[in-house]
Structure formats: C-alpha cells, structure tokens
Number of protein chains: 2
Amino acid sequence: MEFTDRKRRILHAVVQDYIETAEPVGSRTIARKYVTDLSSATIRNEMADLEEMGYLEQPHSSAGRIPTVLGYRVFVDSLMEKYKLSVMETIRMQEAMSEKANRFDKLIEKASLAIANVTNYATVAISSGKKRNRIKAVQLVPVSEKEAVIIIVTNEGGVKSKKVRLDGFVDSGEAVMLSAELTKALSGRTLGDISLETVVRLKSENEGADELIDKVVSFMSETCGEKDTREVISHGGVNLLKFPEYSDIEKAKEILEVLDNKEQLQSMINLPSAGNKVNIIIGDEKNGIKLKDCSLVLCNYEFNGNEGTIGVIGPTRMDYARVVSALEYLCEGMRPQLGGGTDKLEQREEE
Amino acid sequence: MEFTDRKRRILHAVVQDYIETAEPVGSRTIARKYVTDLSSATIRNEMADLEEMGYLEQPHSSAGRIPTVLGYRVFVDSLMEKYKLSVMETIRMQEAMSEKANRFDKLIEKASLAIANVTNYATVAISSGKKRNRIKAVQLVPVSEKEAVIIIVTNEGGVKSKKVRLDGFVDSGEAVMLSAELTKALSGRTLGDISLETVVRLKSENEGADELIDKVVSFMSETCGEKDTREVISHGGVNLLKFPEYSDIEKAKEILEVLDNKEQLQSMINLPSAGNKVNIIIGDEKNGIKLKDCSLVLCNYEFNGNEGTIGVIGPTRMDYARVVSALEYLCEGMRPQLGGGTDKLEQREEE
DNA sequence: TATTAGCACTCGCTTCATTTGAGTGCTAAT
DNA sequence: ATTAGCACTCAAATGAAGCGAGTGCTAATA
C-alpha cells in the first residue's frame with residue numbers, strides 16, 4: 001500500500017493530537033481540527049489503512065487510534081516541524097546557566113535542572129570527563145604537626161587535593177623545597193605515567209621524605225584511576241507524575257525507580273554517541289532497558305574540555321519538537337559563553 | 001481520666017499494629033494479637049477512652065482506630081522499645097560507608113543513600129559546614145600565558161581553588177614570590193576579615209601584581225560569602241511509593257515535589273538542632289511546611305570539622321524504632337572511622 | 001472511481017442500587 | 001469490673017443499566 005501524502009497528513013494529525021491530549025484520536029476529531037477538506041468517513045478508511053501499515057493501533061475496537069512506535073518514528077524523522085523556542089523559554093535557560101558554576105559537575109547539574117524545568121519532563125545527564133590532563137605543578141602545604149595537604153595543578157588549571165596524615169614531621173621550608181622538586185620532576189607528565197625510576201630517584205634525592213613521596217604518588221594514581229568518574233544525575237522525575245500515563249502508581253514507580261538507579265540510567269544512555277546531533281530513542285526500540293512507553297532524547301555536549309550527554313526522558317507521547325529545540329539550544333550554547341562574560345570560562349573547583 | 005498501664009499497653013498495641021498494617025485496628029485484633037488477657041469488649045471500652053483522651057481516632061464510625069499525632073508522640077517518647085539493628089543492616093551501612101569518600105559532600109551523599117536503602121524511606125541531608133577556617137597558605141600557579149590558578153589552603157586542610165584569566169603576564173618566579181608574600185600577609189586570618197589596609201599594603205609592596213591581588217581578594221570574599229553553601233540532597237523518594245498512603249498519585253506528587261525542592265527541604269530541616277540526639281517530628285506538629293501525614297526523624301552528625309543534619313522522611317506510620325537506630329548507628333559511627341583504617345580521616349577535595 | 005452519508009454494532013465508563021462484613025456502642029448477664 | 005450478645009453504621013465490593021464515542025460496512029452521490 002502506498003504512503004500517500006494524504007496518509008502522511010493524517011498520521012501527522014493523529015500523532016500531534018495524541019501528544020496533546022493523551023486520548024485515542026478518532027476520525028471525527030481529525031476531520032474537524034486537522035484535515036477539514038475530508039469527511040470523517042474518508043479519514044476512517046485512511047486510518048484503517050494506516051493501522052494495517054503499522055503506524056497506528058487501537059487500544060480496543062471501539063476507540064480512536066494511537067500511534068505505534070513505528071508511527072512515532074516516522075513522525076520524528078520526517079513529519080514533525082521544528083519548534084521555535086519562546087523568548088520565555090530561552091530566558092529561563094539562560095538564567096539557570098548564567099549563575100557562576102563552580103565545578104564542571106555543578107554546571108551540568110544546572111543544565112540538567114534547567115532542561116527539566118523548561119521541558120517539564122525528566123532529565124538525565126552524564127559527564128564523561130575525558131581527563132587527559134598533564135601535571136603543571138605539585139604543592140605541599142603542612143597544616144599541622146602531622147598533617148599536610150597535597151595539591152596537584154594540571155595543565156587545564158584543574159586542581160586536585162588531599163589531606164594526608166604523616167608519621168614524620170614536615171616543616172614549611174622542607175615543604176617548599178619538596179614542592180619545587182616534585183614540580184620539576186613531574187611537571188608535564190600525565191597523572192598515570194610516573195615511572196618507578198622517577199620515584200626511586202626522587203626518594204634518593206630527598207632523604208627523609210619517602211613517606212610523603214609515596215603518598216603523593218599513590219594519590220596521583222588514585223586520582224588517575226578515576227578517569228571514569230562518570231557522574232550520573234537526574235532531575236525532574238516528579239514532572240512525569242502529571243502525565244496521565246503515570247497516574248497508575250505502579251507505572252510511576254517503575255520509571256521513577258529507573259531514574260533513581262545510576263547503573264540503569266547509565267546503561268540506558270551509553271548506547272549511542274552519534275556526533276553532536278540530537279538522538280531520539282522511542283519506546284523499547286530494541287536497546288532493551290525497561291523504558292517501555294518512554295522516549296529518550298539525547299544530546300552530547302562539550303564544555304571546557306569535558307564532555308558528556310544530557311537527555312530528556314518522558315512518555316512516548318512527549319513533545320519531541322520542543323524537547324529537541326531546548327536541548328539543541330542548551331548544548332550548542334555551551335561552547336560559547338552562555339550568558340556571562342569572560343568569567344564563564346574560569347573553571348573552579350573547591351571543597 | 002487516668003492513663004493507666006492497661007491503656008498504655010493498648011495504645012502501644014494500636015500504634016504497633018497500625019505501623020505494620022496501615023489498616024485501622026479494631027478491638028478484636030488487639031484482643032487476639034496483643035492483649036490476650038482481655039476480651040475485645042473491654043478493649044473496646046478502653047479504646048473509647050483513649051479516643052476521648054486524644055490518643056486515637058476513627059476514620060469513620062464503623063472502623064477501627066488509628067493513632068493521632070498525640071498518640072504517636074507518646075509512643076515515640078515513652079512507649080516504643082529500642083530496635084536492635086540486624087547484622088545485615090549494619091553490614092549494609094558499613095559497606096556503603098567504607099568506600100573511599102573523596103569530598104565531604106560525597107561522604108554525606110553516601111550516608112544519605114545508605115540510610116535510604118536500609119530504612120526504605122526517603123532521606124534528606126544537609127551539610128552546613130561551619131567554615132570558620134583560617135588561611136594557612138596561598139599559592140599561585142600559572143598554567144598558561146594568561147591564566148593562573150589561585151589556591152587557598154585553610155587551617156583544617158581544606159583547599160579552595162579557582163582558575164583566573166589575567167591581562168598581564170605572570171611567570172613562575174613571580175608567582176612563587178607572590179605566593180610567599182600572600183601567605184605571609186594573610187596566613188592566620190579568616191577568609192572574610194582581610195582589611196583594606198592589608199590589600200593596599202600588599203599592592204604597594206608588589207608592584208605590577210595589582211590585578212592578581214585583586215583577584216585573590218575577591219575570590220576570598222566570594223568563597224567566604226558561601227558560608228551557607230548548605231548543600232541539600234535527598235534520596236529514596238521512590239521508596240515512599242510502596243506505602244499505601246501514597247498510592248494516591250496526588251499524595252505521592254505532593255511529597256515528591258517537596259523532596260525535589262531544595263528550599264522547602266531546607267526550611268523543613270532547619271528548625272531544630274537539639275544537640276546530637278535524634279529528633280522526631282511528627283505529622284504537622286506546628287512547624288508548618290506541608291509535611292502533613294509525614295514524619296521526620298533528624299540527627300546531627302559531625303565529621304572532620306564539618307557538620308550537618310541527616311533525616312528520614314516517611315509516613316507518620318513509619319517504623320520509628322528502626323529508623324532511630326539506623327540514624328544513631330550511622331551518625332555516631334561517623335566520628336570514629338566507620339569501616340576503614342586511618343585513611344578514613346583524610347579529607348580530600350577535587351574537581 | 002473516489003467520496004460521503006447513514007446506520008448497526010462494539011465496548012469502555014459512569015451511575016446507581018444492593019450486598020457484604022468489619023467494627024462499634026450499648027445493655028444485660030456474670 | 002468484665003464480658004457476651006446484639007443492633008447499628010458505613011466503606012468497599014459487586015453488578016446491572018445506560019451512555020456515548022468511535023468504528024466498519026453498505027449504499028447513495030458527484
């Protein structure tokens with residue numbers, strides 16, 4: 001059977017209306033609101049065809065039609081028109097992002113929250129910082145008789161620090177010396193690639209500081225091992241409760257449990273990383289994970305050397321056009337400063 | 001009317017049974033399961049008394065009794081017996097806490113999650129770091145031609161850092177000099193109390209570094225202004241969905257919205273800080289906030305100089321004894337190392 | 001030949017009345 | 001003082017009737 005233009009118009013109408021109302025849409029509704037040049041009877045026939053072709057289905061025999069997964073697919077791929085964000089929406093996002101974001105994970109937390117608020121769906125964000133940083137400087141600061149702070153500054157200006165307890169005493173003079181030594185020896189290297197010889201040499205050249213050097217080295221490898229810190233966060237889960245598809249508490253629990261579970265979230269998001277384009281995953285199109293009846297709109301972002309993915313989760317019946325626009329706006333707006341002066345580029349890390 | 005010992009036994013039984021079943025409990029149930037030496041008729045009379053005294057109420061005239069807020073109050077204050085944590089429960093908490101917690105906020109995040117998992121209620125935690133820290137050292141590290149990192153180390157070994165952009169160039173020699181100067185001038189002071197004279201003097205003694213000094217000072221006051229960074233987090237909101245009191249989606253939405261809202265959470269928790277003892281707030285006992293039908297069990301904790309509050313939110317019908325024990329175990333176990341060697345005490349902060 | 005009007009039919013909801021049963025309060029007996 | 005017994009109450013479960021949105025099919029129309 002041929003997918004005529006008229007069928008296309010009708011499919012578009014069904015999806016559109018179902019997205020708005022969450023009610024199965026009947027032929028009469030379409031004839032009145034969308035395809036006014038045809039009678040309900042004609043539309044009825046076309047809808048029967050569309051059902052046969054797999055784009056629509058009926059919850060029960062005397063109800064209207066709802067889109068199938070396939071129906072949504074062609075809708076998002078070729079039917080839906082681009083949504084123009086309202087001024088209000090852009091402002092809300094800019095405001096959310098304009099506040100000083102200290103750490104990178106704070107920034108994406110803000111982004112995630114902003115998207116959740118603007119779209120009124122749930123969001124999930126993952127930061128997969130590709131930290132291939134090199135050491136710029138190492139500093140030791142004694143803070144009490146038996147404690148000192150190790151500070152490592154990287155290339156990009158990142159700072160890692162740790163307070164350690166020492167058995168031996170280190171005074172500030174020694175600390176300064178040792179800082180200089182360590183900086184000289186390690187500067188330019190990656191956190192991971194400190195060779196054993198280097199360690200041995202350092203120890204022999206700085207007698208009595210064995211303990212501290214060990215601590216520094218182990219701290220570095222520790223930190224380095226955290227490459228996949230992959231923080232997963234989620235916001236706006238409650239937003240979903242206002243949709244009728246989750247008025248059943250069991251359904252609600254199901255999805256909220258997924259949103260609460262970092263592992264599941266992660267496995268859900270990790271699948272595709274198709275460039276920087278927005279990626280839409282509908283219903284349970286293969287990729288497993290129990291996001292039945294849910295859709296996922298993903299977008300990769302990049303900021304200041306870190307990168308990650310942010311996504312929106314909602315009912316399959318979500319307002320794809322608006323979600324896509326919001327995500328694009330935010331992710332693209334992240335590279336240039338999104339509402340701040342030069343300040344925006346200062347990355348800052350703290351307790 | 002007198003609050004006889006028999007009345008006490010019956011009230012205890014009602015509360016206990018209601019906590020378990022969530023169903024109004026009738027006289028027959030009590031006669032069979034709890035107070036077997038009395039007939040249901042006698043218990044009926046006693047219950048009528050208890051209702052008159054304000055400890056019990058009836059949802060409707062032909063139903064069993066449920067505890068009033070007052071009823072819960074006397075239950076938690078003088079009736080309930082201490083719960084002994086099962087081995088399984090302690091193990092689960094220890095495991096959750098034993099992993100290396102980098103930053104302090106990560107640690108309390110873990111604690112919050114652990115309590116949520118063990119109790120199966122929702123938790124909320126707030127860290128109100130009482131940062132009365134004094135400066136120990138100031139370090140400047142140039143990372144590129146026009147960028148440098150400012151690092152401030154405090155008394156307690158806390159580290160704050162920020163990458164700044166500079167118009168003028170700073171080489172590492174200058175940076176070391178300036179670091180020493182700044183450390184000498186500022187060491188021992190609180191982040192907030194740098195006087196104008198000090199700034200002026202520093203600038204005159206270090207010509208050409210005006211810009212950097214300004215940045216350092218403004219960073220300090222910025223950081224200082226963050227005294228109330230008061231990070232609020234919450235976990236286990238979904239847990240609540242399994243309780244029948246939230247099987248109505250509207251009720252569920254109500255509480256989950258509160259849990260999602262940092263401001264509301266904060267105002268809810270901030271009320272009492274009665275020492276280090278566990279504090280139970282039932283229903284909407286004055287203190288406002290829409291936690292009607294909910295109870296809140298709060299406990300203050302302290303770790304490594306930081307302090308905060310962690311709390312459990314659940315239906316008024318929650319298993320107070322178990323929650324109290326879990327919280328006490330966790331909060332008290334926080335000062336001594338809770339499942340780790342000396343390592344546990346090392347505080348570490350990073351990107 | 002494509003479209004449309006018309007009509008019988010389906011089936012999920014809502015409404016309303018009835019039944020059921022757990023639980024109470026009261027009274028009279030122990 | 002306690003208890004057995006009984007009439008009464010009321011929420012919740014059950015089920016029948018009617019409604020109405022929507023369909024599929026057929027016959028008339030352009």
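One finds a side-chain N or O of A:Ser39 lying less than 4.0 angstrom from the OP1 or OP2 phosphate oxygen of C:dT4. Close to C:dT4, at under 4.0 Å from its OP1 or OP2, lies a side-chain N or O of A:Thr42. A sub-4.0 Å separation between OP1 or OP2 of D:dT23 and a side-chain N or O of A:Arg65 is present.
Side-chain contact check for A:Tyr72 and A:Ser295: no donor-acceptor pair (N or O, by modelled atom type) lies under 3.5 Å.
Regarding B:Glu46, its CD atom lies at a distance of 19 Å from the P atom of C:dG23, rounded to whole Å.
Considering only side-chain atoms of B:Arg44, the nucleotide from C:dT4, D:dT23, C:dT24 that sits closest is C:dT24. Which of D:dG24, D:dT23, C:dG23 sits closest to the side chain of B:Ser62 comes down to C:dG23.
Counting any heavy atom pair closer than 4.0 Å across all strands shown, A:Ser61 reaches sugar-phosphate atoms only and no base atom.
Against DNA chain D, the stretch residues 10-37 of chain B makes no heavy-atom approach under 4.0 Å.
At a threshold of 4.5 Å between non-hydrogen side-chain atoms, the residues A:Tyr55 and A:Val14 do not count as touching.
Ionic pairing of A:Asp37 and A:Arg9 is present here: one or more N-O contacts between side-chain nitrogen and carboxylate oxygen are shorter than 4.0 angstrom.
Ring orientation note: the planes of A:Tyr121 and A:Phe243 are close to parallel, at an angle under 30° on the 30°/60° scale.
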